[in-house]
Amino acid sequence: SDLLVLVLNNDGYRGMRNNQLGYYPEGAGAKHGIFPGAILEGPEYEELAAPFGAVGIRIDSADRLREGLLQARRAVEGGRTAIVNVRVAQ
């Protein structure tokens, strides 16, 4: 199965934070920097690939982006699924 899964991973759910600030700009979250549900500690997504025979790739920096995506493309063109965990800034 030739599928590419691209995860843009910022360890969070910014929608929760933005909605809270949008509805309650003077609220407790804005005053104290507390946004429940906005920070997510998820799995290392690239590690989810191996048990299924897929290719897992972790990209931690911009200079690794091109090579990581090319590696994923080669995997997909070869008929394998690739999961690419692109770590982006919060």
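The figures that follow rest on heavy atoms only: side chains count, while hydrogens, waters and symmetry mates do not. All residue numbers refer to positions in the sequence shown, counting from 1.
Partners of Leu4 under the side chain to side chain contact (heavy atoms under 4.5 Å, CB included) rule, at least two apart in sequence or in another chain, are Ala72, Val76, Ala82, Val84. With sequence neighbours left out, the side-chain hydrogen bond (donor to acceptor under 3.5 Å, both in side chains) criterion links Arg64 to no other residue. Evaluation of the salt bridge (charged side-chain N to carboxylate O under 4.0 Å, His left out) rule for Glu26 yields no partner, not counting sequence neighbours. Taking Arg87 as the reference, Asp11 meet the salt bridge (charged side-chain N to carboxylate O under 4.0 Å, His left out) condition, with sequence neighbours excluded. Partners of Gln71 by side-chain hydrogen bond (donor to acceptor under 3.5 Å, both in side chains), not counting sequence neighbours: none found. Partners of Glu67 under the side-chain hydrogen bond (donor to acceptor under 3.5 Å, both in side chains) rule, at least two apart in sequence or in another chain, are Arg74. For the side-chain hydrogen bond (donor to acceptor under 3.5 Å, both in side chains) test, no residue two or more places apart in sequence or in another chain qualifies with Asn18. Partners of Glu44 by side chain to side chain contact (heavy atoms under 4.5 Å, CB included), not counting sequence neighbours, listed by chain and number: Glu46, Glu47, Arg58, Asn85. For Pro43, the side chain to side chain contact (heavy atoms under 4.5 Å, CB included) partners two or more places apart in sequence, or in a different chain, are Tyr45, Leu48.
A distance of 10.5 Å separates CG in Asn19 from OH in Tyr24, rounded to the nearest 0.5 Å. The distance from atom CG of Asp2 to atom CZ of Arg80, rounded to the nearest 0.5 Å, is 12.5 Å.
In the hydrophobic cluster analysis, where Ile, Leu, Val, Met, Phe, Trp and Tyr join through side-chain heavy atoms closer than 4.5 angstrom, Ile34 is grouped apart from Leu21.
Contact detail for Leu69 and Leu6: the closest heavy-atom pair is CD2-CD1, 4.1 Å. Between Phe35 and Gly29, the shortest heavy-atom contact is CZ-O, 3.4 Å.
Grouping Ile, Leu, Val, Met, Phe, Trp and Tyr residues whose side-chain heavy atoms lie under 4.5 Å apart, directly or via other members, leaves Leu70 alone, with no other cluster members.
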Derivation and outcome, side chain to side chain contact (heavy atoms under 4.5 Å, CB included), residues Val55 and Ile57: CA-CA 7 Å; Val55 175; Ile57 301 163; 3.9 Å; yes

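Partner Val88 forms a side chain to side chain contact (heavy atoms under 4.5 Å, CB included) with one of Asn10, Asp60, Asn9 and no other, that one being Asn10.
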